[in-house]
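Numbering of residues begins at 1 and proceeds along the displayed sequence. Quick caveat, the model's predicted, so the values are computed rather than measured.
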Amino acid sequence: MVSFLILTALYFLPSIIGRDKRDAMGVFLVNLFLGWTLIGWVVAFLWACASDRPVYVQYAPAGIARFCSHCGTPAAPVVQCCGSCGARV
């Protein structure tokens, strides 16, 4: 039973590593459906280890516009949460 749990954790290692990525669902699906092949597991593992693309934030003078600190989209000065990702502005 212990060896089954260890093998399951090893199989889903790319999904565990990539759980905080923007494409976490994609990593999980590749790992779930193609992880049984060695190539699918390696692809999911490399995708989970790769860094996310940087989000470029535009400069705006203070008081005129606010931007989401998580995704970088412009937000109205009166909102508390981002309309794109739902994070606090």
Side-chain angles (χ1 to χ4, degrees):
M1 185 65 153
V2 172
S3 61
F4 176 74
L5 292 175
I6 292 172
L7 289 175
T8 303
L10 183 62
Y11 181 81
F12 286 108
L13 183 64
S15 297
I16 294 168
I17 291 173
R19 70 182 178 271
D20 293 329
K21 292 182 66 67
R22 218 179 305 161
D23 298 331
M25 184 57 73
V27 173
F28 175 73
L29 291 175
V30 168
N31 189 200
L32 180 67
F33 293 119
L34 298 176
W36 61 272
T37 65
L38 182 62
I39 294 172
W41 190 88
V42 170
V43 166
F45 184 76
L46 291 176
W47 191 5
C49 290
S51 63
D52 281 334
R53 292 186 194 139
V55 176
Y56 297 105
V57 178
Q58 299 173 350
Y59 172 74
I64 295 175
R66 293 173 48 189
F67 293 91
C68 175
S69 59
H70 185 71
C71 68
T73 57
V78 294
V79 298
Q80 297 294 324
C81 295
C82 177
S84 298
C85 67
R88 266 186 92 78
V89 176

_Exactly one of V30, L32, N31 should register a side chain to side chain contact (heavy atoms under 4.5 Å, CB included) with F28. Which one does?_
L32

Minimal non-hydrogen separation, [X] against [Y], with atom names:
X	Y	result
G18	A24	O-CB, 3.4 Å
G35	W41	O-CB, 3.6 Å
S51	K21	C-NZ, 3.9 Å
I17	A48	CG2-O, 4.0 Å

*asked:* Are F45 and W36 linked, directly or through intermediate hydrophobic residues, by side-chain heavy-atom contacts shorter than 4.5 Å (ILVMFWY only)?
replied: no

_With a 4.5 Å cut-off on side-chain heavy-atom distances among I, L, V, M, F, W and Y, is there a chain of contacts connecting Y11 to M25?_
yes

*Listed by chain and number, what are the ring pair (Phe, Tyr, Trp, His ring centres under 6.0 Å) partners of F12, not counting sequence neighbours?*
none

*Check ring pair (Phe, Tyr, Trp, His ring centres under 6.0 Å) between W47 and all other residues, then give those that pass, not counting sequence neighbours.*
none

*In this structure, are over 12 heavy atoms from other groups packed under 6.0 Å from L10 atom CG?*
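More than 12 within 6.0 Å, yes.
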
*Side-chain hydrophobic cluster, 4.5 Å single linkage: members besides I6*: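 Direct or chained contacts put I6 with V2.
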
